[in-house]
A.B. asks: 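Can you read through this structure? Questions will come right after.
These numbers come from the heavy atoms of this one structure, side chains and all, not from hydrogens, waters or symmetry mates.
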Amino acid sequence: MKDSINLTKAELAIMQVLWQGQATASEGLSAKQINQSLADKHWQRTTLATMLTRLEEKGVVQRQKAASGNGYLYRALLDEEDYRQSAANELLDTLYHGSVGSLAASLVASRQLSEQDIAELRELFKL
């Protein structure tokens with residue numbers, strides 16, 4: 001992914017529904033299905049429609065007419081792992097001036113690491 005894509009928390013919530021839903025519905029999800037997955041947000045249909053339009057304008061969501069002819073289906077064009085990598089790199093650059101060591105020190109200082117966390121880090125870094 002070349003350019004950083006900035007997503008709001010609300011947009012990211014929608015993208016997460018699309019990423020999860022595409023594993024089972026390759027043709028995409030309807031706005032109704034997305035809204036049902038985000039029931040805890042209590043969004044109006046118009047709110048969701050506005051956010052889906054913004055995501056489409058950003059080029060991270062594709063909208064196409066449903067095969068039934070009723071409504072539209074939405075699919076994520078942005079790969080979840082690509083977004084995670086981009087967001088992690090942006091966080092690293094913005095808050096830690098690109099220093100992985102500073103990020104790691106901050107995480108260790110602010111969180112209690114479990115034995116599993118330590119084992120995963122050792123495996124990752126081959127320590």
Side-chain angles (χ1 to χ4, degrees):
M1 189 161 107
K2 293 177 186 172
D3 295 329
S4 171
I5 299 291
N6 293 318
L7 299 177
T8 65
K9 286 182 180 183
E11 291 170 338
L12 183 55
I14 293 169
M15 291 303 296
Q16 288 169 332
V17 169
L18 290 172
W19 288 323
Q20 292 168 359
Q22 282 180 204
T24 57
S26 61
E27 68 278 357
L29 298 174
S30 68
K32 182 178 181 178
Q33 290 171 310
I34 296 167
N35 213 8
Q36 287 172 342
S37 294
L38 298 168
D40 61 320
K41 305 281 187 212
H42 306 290
W43 287 339
Q44 297 294 319
R45 285 183 329 165
T46 54
T47 301
L48 179 61
T50 298
M51 287 191 282
L52 286 166
T53 298
R54 287 184 186 157
L55 289 168
E56 190 177 5
E57 289 169 354
K58 289 182 178 187
V60 299
V61 166
Q62 178 185 46
R63 177 184 72 157
Q64 65 184 46
K65 194 80 163 153
S68 66
N70 296 331
Y72 293 94
L73 297 176
Y74 297 88
R75 309 176 9 113
L77 296 177
L78 175 62
D79 180 73
E80 183 176 14
E81 189 55 35
D82 287 346
Y83 176 73
R84 285 182 182 179
Q85 288 293 321
S86 175
N89 286 331
E90 187 171 333
L91 174 76
L92 183 65
D93 290 342
T94 302
L95 296 180
Y96 298 97
H97 307 289
S99 171
V100 174
S102 294
L103 171 62
S106 178
L107 289 173
V108 169
S110 67
R111 295 181 182 251
Q112 180 77 25
L113 295 179
S114 69
E115 290 297 321
Q116 182 179 351
D117 291 333
I118 294 168
E120 288 175 8
L121 288 171
R122 285 180 196 244
E123 177 62 27
L124 180 66
F125 294 112
K126 304 289 186 217
L127 299 175

A.B. asks: To the nearest 0.5 angstrom, please state how far the CD1 atom of Ile34 sits from the CZ atom of Arg45.
C.D. replies: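 Spacing of CD1 (Ile34) from CZ (Arg45) equals 14.0 Å.
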A.B. asks: Would you name the heavy atoms of Gly28 and Gln33 that are closest together and state the gap between them?
C.D. replies: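 Smallest heavy-atom distance, with atoms named: O-OE1, 4.3 Å.
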A.B. asks: Please find the pair of heavy atoms, one from Val17 and one from Leu29, that lie closest to each other, and give the distance.
C.D. replies: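 Nearest heavy atoms, Val17 then Leu29: O-CD1, 3.7 Å.
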A.B. asks: With the 4.5 Å side-chain cut-off for hydrophobic clustering, are Leu124 and Leu103 part of the same group?
C.D. replies: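 Unlinked, Leu124 and Leu103 end up in two clusters.
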A.B. asks: What's the separation between atom CG in Leu7 and atom CG in Leu55, rounded to the nearest 0.5 Å?
C.D. replies: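 Separation between the atoms: 6.5 Å.
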A.B. asks: To the nearest 0.5 Å, tell me how far Tyr96 OH sits from Leu107 CG.
C.D. replies: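 Between Tyr96 OH and Leu107 CG, I get 6.0 Å after rounding to 0.5 Å.
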A.B. asks: Got Arg54 and Thr50 here, is their nearest side-chain heavy-atom distance under 4.5 Å?
C.D. replies: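 In contact.
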A.B. asks: When rounded to the nearest 0.5 angstrom, what distance separates CD1 in Ile14 from CG in Asn35?
C.D. replies: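 One gets 8.5 Å once the value is rounded to the nearest 0.5 Å.
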A.B. asks: Below 3.5 Å, can you tabulate the donor-acceptor pairs from side chains in residues 59-77 to any protein atom, sequence neighbours excluded?
C.D. replies:
{"from": "Ser68", "atom 1": "OG", "to": "Asn70", "atom 2": "N", "distance (Å)": "3.3"}
{"from": "Arg75", "atom 1": "NH1", "to": "Ser26", "atom 2": "O", "distance (Å)": "3.2"}

A.B. asks: How close do Leu12 and Tyr83 get, heavy atom to heavy atom, and via which atoms?
C.D. replies: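 Distance-wise, the nearest heavy atoms are CD1-CE2, 3.7 Å.
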A.B. asks: Donor-acceptor pair, Trp43 side chain versus Ala49 backbone, under 3.5 Å?
C.D. replies: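 Here the side-chain-to-backbone pair does not exist.
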A.B. asks: Does a sphere of radius 6.0 Å around CD in Glu81 hold more than 12 heavy atoms from other residues, nucleotides or ligands, not counting ones at 6.0 Å or beyond?
C.D. replies: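 Count over threshold, so yes.
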A.B. asks: Nearest heavy-atom pair of Ser37 and Asp40: which atoms, and what distance?
C.D. replies: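 Heavy atoms only, the tightest pair is O-OD1, 4.4 Å.
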A.B. asks: Working to the nearest 0.5 angstrom, can you tell me the gap between Thr47 OG1 and Lys41 NZ?
C.D. replies: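 Here the interatomic distance stands at 13.0 Å.
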A.B. asks: Are side-chain N/O atoms of Gln16 and Gln20 paired as donor and acceptor at under 3.5 Å?
C.D. replies: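 There is no such pair between these side chains.
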A.B. asks: In this structure, are over 12 heavy atoms from other groups packed under 6.0 Å from Lys32 atom NZ?
C.D. replies: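 Not buried by this count: 12 neighbours or fewer within 6.0 Å.
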A.B. asks: In terms of hydrophobic clusters joined by side-chain contacts under 4.5 Å, are Leu52 and Ile5 together?
C.D. replies: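 Both belong to a single hydrophobic cluster.
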A.B. asks: Taking a hydrophobic cluster as the set of Ile, Leu, Val, Met, Phe, Trp and Tyr residues connected by side-chain heavy atoms closer than 4.5 Å, whether directly or through intermediates, do Val100 and Val108 fall within one such cluster?
C.D. replies: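 As far as the 4.5 Å side-chain criterion goes, Val108 and Val100 are not connected within one cluster.
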A.B. asks: Drop me the distance from Asn6's CG to Glu90's CD, to the nearest 0.5 angstrom.
C.D. replies: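 Going from CG on Asn6 over to CD on Glu90, the span is 5.0 Å.
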A.B. asks: Would you say Ser86 and Asn89 are linked by a side-chain donor-acceptor pair, where the criterion is simply a distance under 3.5 Å?
C.D. replies: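 No, no side-chain donor-acceptor pair sits under 3.5 Å.
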